[in-house]
Amino acid sequence: MNLISLPLILYNTYEWHILTILANIIIIPVFSLIIIPVVIIGDVAFLCFMPLCSFFKFIFKAI
């Protein structure tokens, strides 16, 4: 994706940092392997435990 956007970046800013490639090589796998699965697991857990959350909300509201 970096090489695709490079002409647009150079046209608009007239500069480009070489560490951009290194940052993309590191961040993209971390994002794909860690952050996306954690978000999906959290979303599924939220949907599975929604009735439990409603129960605790009712209990704490009564207190």
Side-chain angles (χ1 to χ4, degrees):
M1 195 68 180
N2 191 18
L3 292 177
I4 294 171
S5 63
L6 183 61
L8 185 64
I9 292 170
L10 291 175
Y11 178 76
N12 287 320
T13 62
Y14 305 108
E15 58 187 36
W16 176 72
H17 201 279
I18 192 70
L19 290 178
T20 305
I21 293 175
L22 181 63
N24 282 334
I25 289 173
I26 293 170
I27 294 298
I28 290 173
V30 168
F31 196 86
S32 299
L33 296 174
I34 296 173
I35 296 176
I36 291 176
V38 167
V39 169
I40 291 172
I41 290 169
D43 191 35
V44 170
F46 174 75
L47 292 174
C48 291
F49 294 116
M50 183 71 118
L52 187 61
C53 292
S54 298
F55 174 73
F56 282 125
K57 182 179 175 183
F58 175 74
I59 295 294
F60 289 132
K61 196 172 189 179
I63 293 177

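Quick note: residue numbers are just sequence positions, from 1.
- Hydrophobic cluster membership for I27: none, as no Ile, Leu, Val, Met, Phe, Trp or Tyr side chain comes under 4.5 Å of it.
- Linking ILVMFWY residues whenever their side-chain heavy atoms come closer than 4.5 Å, directly or via other members, places M50 and L47 in the same cluster.
- By the side-chain contact (heavy atoms from CB on, under 4.5 Å) test, T13 pairs with I9, E15, sequence neighbours left out.
- I36 pairs by the side-chain contact (heavy atoms from CB on, under 4.5 Å) definition with F31, I40, not counting sequence neighbours.
- The hydrophobic clustering, which links ILVMFWY residues whose side-chain heavy atoms are closer than 4.5 Å, places F49 and F56 together.
- With hydrophobic clusters built from ILVMFWY side chains whose heavy atoms lie under 4.5 angstrom apart, F60 shares a cluster with F55.
- Rounded to the nearest 0.5 Å, atoms OG1 (T20) and CD1 (I25) are 11.0 Å apart.
- Taking all atoms of both residues into account, the shortest heavy-atom contact from S32 to P37 is O-CD, 3.5 Å.
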